Amino acid sequence: MDVCYDLHSHSTASDGTLAPATLLEQARAAGVDVLALTDHDTLAGVAEAQAAAQAVGLSLIPGVEISVSWRHMTLHVLGLNISPDHQPLLDGLAGLQDYRVWRAEEIARKLEKNGITGALKGAQKHCRGGILSRTHFAHFLVEAGRAASVRDVFRHYLVRGKPGFVGGQWASMEDALGWIRDAGGLPVIAHPARYGLTRSKLNRLVSEFQAAGGVGIEVVSGSHSRDETLHMAAVARTNDLFASCGSDYHGPEKPWVELGRLRGLPDGCTPIWQADGWPLAA
Ligand code: AMP
Ligand code: MN
Ligand code: MN
Ligand code: MN
C-alpha cells in the first residue's frame, strides 16, 4: 500500500490548536504514515511529538516553518528533518521569537489606538504559552466581536494598510537556509502559490533559494488549487527541485484542511523523500 505523507503541520507550539501529542493521534487516525511537525519559528513541540509518534506508531519528521523576509515580502521556508537540538538553529529561532514578542506588543498598541483594548492579553489567552502569532490576535478579534471570522480579521486588521499591521524583519534567506542545512535539514519553499508572485519573480525566488542551498518546493499543499499544484510541479521539474506535499494543518477549526487528505504528486516530480538526507527508507 502507498505510504501516506503529510509534511507540513502545526501544533499549539505555534498557531495550531492541537497539542503535539493530540496532533499525532489525529494524524494516525487519519491514516498518515509520515508526518512532519513544522511549527512557525519554534521547535518547542518536537520532543512531545516524537514521544507521541512512538506511542501511536507513526514516523515523525522533526521540522520547522521559518518566516523569511525576501524583497519586502514575507515567505515561509520549511526545514524538514532538522536535528531538534542543533544550537545555531535554536539560536536563530530565538531571535525570531524575540521579534514576535516585540511585534505582538506593537500590534496591541496599534489596535488600542483604534479603540480595541486588551488585545495582547486576549491573544496570549489563545496562544496558551506557545509563540504569539497573528492567528492568536485573529481569534481574539473574532471573540471580541470585531470580525465574523479569522479570514475577515486578516482582511480588515492584520495586513499592510490596516489598523493592526506591523511590518518588520524576519530571517534573511541565507540565514534561514544556513540554519536548516547546518541542522541537517532539507529546505523547502512552503505553499509557493500563496505569495502572489509573477512568473519572473517566482523564477528569481527559486534561483536565489537554490543558490542559498534550497532543495525542495511544496507542490501539493492544503492551500493549493489543482492548477496551482500543476504549475508548481512544472516549476519543480524545470528547476530540479524535490517536490513536497503537506496539508498545513492548523486544527479542526478549519475543517476544509484535513490531515493526510492530499492529492498525489503529479507525474515527473521527484518526491522529497527520495532526497539524500531523508531519514527513512522511501
Ligand atoms: P504570523 O506568522 O504570526 O505573521 O501569522 C501568519 C499565520 O496567520 C499563517 O501561518 C496562517 O496560519 C495565518 N494566516 C495568514 N493569512 C491568513 C488568512 N488570510 N486567513 C486565515 N489565516 C491566515
Ligand atoms: Mn500558521
Ligand atoms: Mn505558512
Ligand atoms: Mn504552515
Side-chain angles (χ1 to χ4, degrees), residues 6-18 23 35-43 45 61 63-70 73-80 93 95-108 110-111 119-120 123-124 126-127 130-142 147-162 164-171 176 187-197 216-218 220-224 228 232 244-259 262:
D6 190 335
L7 302 179
H8 187 159
S9 69
H10 296 273
S11 75
T12 45
S14 66
D15 61 350
T17 55
L18 299 182
L23 175 72
L35 181 82
L37 178 66
T38 53
D39 274 309
H40 298 285
D41 305 322
T42 181
L43 305 178
I61 302 293
V64 64
E65 181 173 16
I66 301 184
S67 311
V68 169
S69 292
W70 181 77
M73 306 174 48
T74 299
L75 304 176
H76 288 171
V77 174
L78 301 173
L80 296 181
L93 298 179
L96 299 180
Q97 289 156 21
D98 288 346
Y99 169 65
R100 282 182 175 278
V101 170
W102 174 85
R103 185 187 67 158
E105 287 163 1
E106 285 296 296
I107 291 174
K110 283 200 158 180
L111 289 173
L120 187 57
Q124 277 163 345
H126 287 281
C127 164
I131 61 157
L132 268 170
S133 156
R134 281 185 294 164
T135 306
H136 302 116
F137 281 95
H139 289 152
F140 161 73
L141 287 164
V142 171
S149 67
V150 165
R151 194 172 291 189
D152 270 0
V153 175
F154 276 93
R155 214 170 285 151
H156 299 299
Y157 288 99
L158 302 176
V159 291
R160 197 178 292 279
K162 302 294 176 184
F165 177 74
V166 177
Q169 203 58 33
W170 298 105
V188 172
I189 301 172
H191 43 64
R194 289 285 63 78
Y195 308 122
L197 296 170
I217 189 166
E218 214 167 42
V220 171
S221 162
S223 74
H224 281 178
E228 288 168 341
M232 294 308 158
S244 190
C245 64
S247 61
D248 203 1
Y249 184 76
H250 280 73
E253 294 74 15
K254 288 183 179 171
W256 59 93
V257 177
E258 291 182 89
L259 281 162
L262 292 163

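Keep in mind that this is a model prediction, so the values were computed, not measured. Atoms within each ligand, like the ligands themselves, are counted from 1 in listed order.
The Mn ion (ligand 3) lies at 2.8 Å or more from every N, O or S atom belonging to D248. For H8, every N, O or S atom stays at 2.8 Å or more from the Mn ion (ligand 3). Taking backbone and side-chain atoms together, H40 has no N/O/S atom less than 2.8 Å away from the Mn ion (ligand 3).
Residues D41 and S67 have side chains that bring a donor and an acceptor to within less than 3.5 angstrom of each other.
Among all heavy-atom pairs drawn from L37 and L23, the shortest one is CD1-CD2, 3.6 Å. When every heavy atom of A104 is checked against every heavy atom of L132, the shortest pair comes out as CB-CD1, 3.5 Å. What you find for G63 and L43 is that their closest heavy atoms are O-CD2, 3.6 Å. Nearest heavy-atom pair, V257 versus G222, reported as atom, atom and distance to 0.1 Å: CG2-O, 4.5 Å.
Counting heavy atoms under 4.0 Å from ligand 1, residue D15 touches it through the side chain alone. If you look at H40 next to ligand 1, the close heavy atoms, those under 4.0 Å, all belong to the side chain. Contacts between R100 and ligand 1, counted as non-hydrogen atom pairs separated by less than 4.0 Å, involve the side chain only.
Considering only non-hydrogen protein atoms, atom 4 (O) of ligand 1 sits nearest to R134 NE, 2.7 Å. Among protein heavy atoms, the minimum distance from atom 1 (P) of ligand 1 is reached at R103 NH2, 3.5 Å. Among protein heavy atoms, the minimum distance from atom 5 (O) of ligand 1 is reached at S133 OG, 3.4 Å. From the protein, the heavy atom lying nearest to atom 19 (N) of ligand 1 is F154 CB, 3.5 Å.
Ligand 1 places these atoms under 4.0 Å from at least one heavy atom of T135: 7 (C), 8 (O), 12 (O), 13 (C). Counting atoms of ligand 1 from 1 in the listed order, those under 4.0 Å from a heavy atom of H250 are 12 (O).
Of all N/O/S atoms in H76, ND1 sits nearest the Mn ion (ligand 3).
Applying the side chain to side chain donor-acceptor pair (under 3.5 Å) test between H76 and each of E65, E218, R194 identifies E65 as the sole match. With respect to S14, the side chain to side chain donor-acceptor pair (under 3.5 Å) criterion is satisfied by exactly one of T135, T38, T42, D39: D39.
For S67, no nitrogen or oxygen atom sits less than 3.5 Å from a nitrogen or oxygen atom of ligand 1, counting backbone and side chain alike.
Rounding to the nearest 0.5 angstrom, the gap separating the NE2 atom in H8 from the CG atom in L259 is 11.5 Å.
Rounding to 10 degrees gives 100° for the angle at the Mn ion (ligand 3) between NE2 of H191 and OE2 of E65.
Taking the six-membered ring where tryptophan is involved, the planes of H10 and H40 are essentially parallel, since the angle between them stays under 30° and well short of 60°.
Taking the ring centroids of H126 and H139, they lie under the 6.0 Å cut-off.
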